[in-house]
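The structure appears below as structure tokens.
For ligands, and for the atoms within them, numbers begin at 1 and follow the listed sequence. The figures that follow rest on heavy atoms only: side chains count, while hydrogens, waters and symmetry mates do not.
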Amino acid sequence: MSTLTLTNFQITPLNAPLGAVVTGLDASQQLKPEVILQLKQTLRDRHILIFKNQYLTDEQFLNFAFHFGSLFVPPDDIPVLASQPGVTPVIIPVSNVDGGYTGTGELAFHSDHKWTPYPSSGSLLYALEVPNEGGDTFWLNLNLAYETLDEATKRRIADLQLITYNPFVRKPDTPRSKYRFDKSIPLISPVFPHPLVRTHPESGKKILYLDYATEVEVVGLDPQEGSELIEQLRSHLHQPQFYYQHKWSVGDIVYWDNQSTLHYRQAFNSQQRRVMKRVSLAGSRPF
Ligand code: OGA
Ligand code: MN
């Protein structure tokens with residue numbers, strides 16, 4: 001019975017710039033409305049939730065995830081991780097074995113689906129097998145990154161719009177660029193400018209809505225000025241005071257707010273297995 005589970009239910013904020021750990025909750029069971037509301041409130045305040053000791057079937061994982069929103073489905077003409085034309089798996093295998101995605105390399109700080117018109121509100125990543133070392137994931141608090149900007153910079157960026165170019169339409173043999181200087185590159189996928197300073201749709205908090213390495217362009221600024229501004233903002237946001245480093249255990253589910261955080265993954269040894277499953281939830285048009 002779930003009453004037994006709830007006796008030990010506990011949410012403990014991490015001693016870190018974001019995050020809270022949830023113990024004593026079995027996500028395969030029916031959850032009380034108060035519990036779900038408390039989780040949603042904590043996500044709003046702490047940006048990521050770490051659920052410990054979960055052992056779920058795919059169906060149970062989805063039933064749990066959909067308490068927090070409906071499935072993220074990209075538009076047909078906009079590729080994202082794991083999408084094939086017209087279909088994206090509901091549960092994405094984030095794994096270095098058995099045809100999974102993301103391999104074993106480092107992943108720079110990013111938020112998922114930022115280049116789409118309605119980027120996902122959040123994702124849940126469920127750890128089934130983890131390497132002995134490496135492969136930690138870091139989450140970074142973009143509200144804190146915004147709040148710690150100096151006032152002149154806040155004023156300067158207040159009304160700017162940013163295009164983030166879709167990394168999944170980049171030709172594999174071309175070097176990665178962090179800023180688009182070259183206007184002659186044909187657009188082979190639609191682009192969606194979003195505010196550089198985003199307002200969180202539930203908390204109202206201001207967010208520096210920028211990732212670390214994806215190719216971007218500030219609308220209306222000449223490339224020299226735009227790229228210098230972006231470099232300055234990126235060096236500001238890449239500071240340990242804004243992030244939490246998570247060492248995975250089997251049975252962890254991390255649910256992150258994709259609107260107010262970035263995430264980064266360390267590389268790990270390709271001889272080791274790292275097997276995870278991800279579900280992403282639908283979001284809304286950034287404002
Ligand atoms: C993702 C992702 C990070 C990781 O699934 O969106 O970035 O730690 N994964 O595997
Ligand atoms: Mn990601």
| task | Look at the rings of Phe109 and His238 and say which category their plane angle falls in: under 30° parallel, 30 to 60° tilted, over 60° perpendicular. | result | perpendicular
| Does ligand 1 have an atom that lies less than 4.0 angstrom from a heavy atom of Thr102? | no
| query | Which bit of Leu81 gets closer than 4.0 Å to ligand 1, counting heavy atoms only: side chain, backbone, both or neither? | reply | neither
| request: Using distance alone, decide if ligand 1 has a nitrogen or oxygen within less than 3.5 Å of any nitrogen or oxygen in Asp112. | output: yes
| note | Val94 heavy atoms within 4.0 Å reach ligand 1 at atoms 5 (O), 10 (O)
| query | Quick one: are the ring centres of Phe138 and Tyr244 less than 6.0 Å apart? | reply | no
| request: To 10°, measure the NE2(His110)-the Mn ion (ligand 2)-NE2(His263) angle for me. | output: 90°
| query | Out of Arg274, His110, Met276, Lys277, who gets a non-hydrogen atom closest to atom 10 (O) of ligand 1? | reply | Arg274
| query | Stepwise, does the ring-ring contact (aromatic ring centres under 6.0 Å, His included) test hold for His263 with Trp256? | reply | CA-CA 9 Å; His263 53 285; Trp256 67 89; 4.5 Å; yes
| said: Could you tell me if the side chain of Val191 sits less than 4.5 Å from the side chain of Asn166, heavy atoms only? | reply: no
| query | Is it true that Lys52 and Asp252 make a salt bridge, defined as a side-chain N closer than 4.0 Å to a carboxylate O? | reply | yes
| task | Scan side-chain atoms only and decide if His113 and Ser120 contain a donor-acceptor pair under the 3.5 Å cut-off. | result | yes
| Any salt bridge between Asp211 and Arg234, counting N to O under 4.0 Å? | yes
| Should you measure from each heavy atom of His263, which atoms of ligand 1 turn up under 4.0 Å away? | 1 (C), 2 (C), 6 (O), 7 (O)
| field | Identity and distance of the protein heavy atom lying nearest atom 5 (O) of ligand 1 | value | Arg278 CD, 3.3 Å
| request: Just give me the atom name: the N, O or S atom of Asp112 closest to the Mn ion (ligand 2). | output: OD1
| note | Closest to atom 8 (O) of ligand 1 among protein heavy atoms sits Thr137 OG1, 2.5 Å
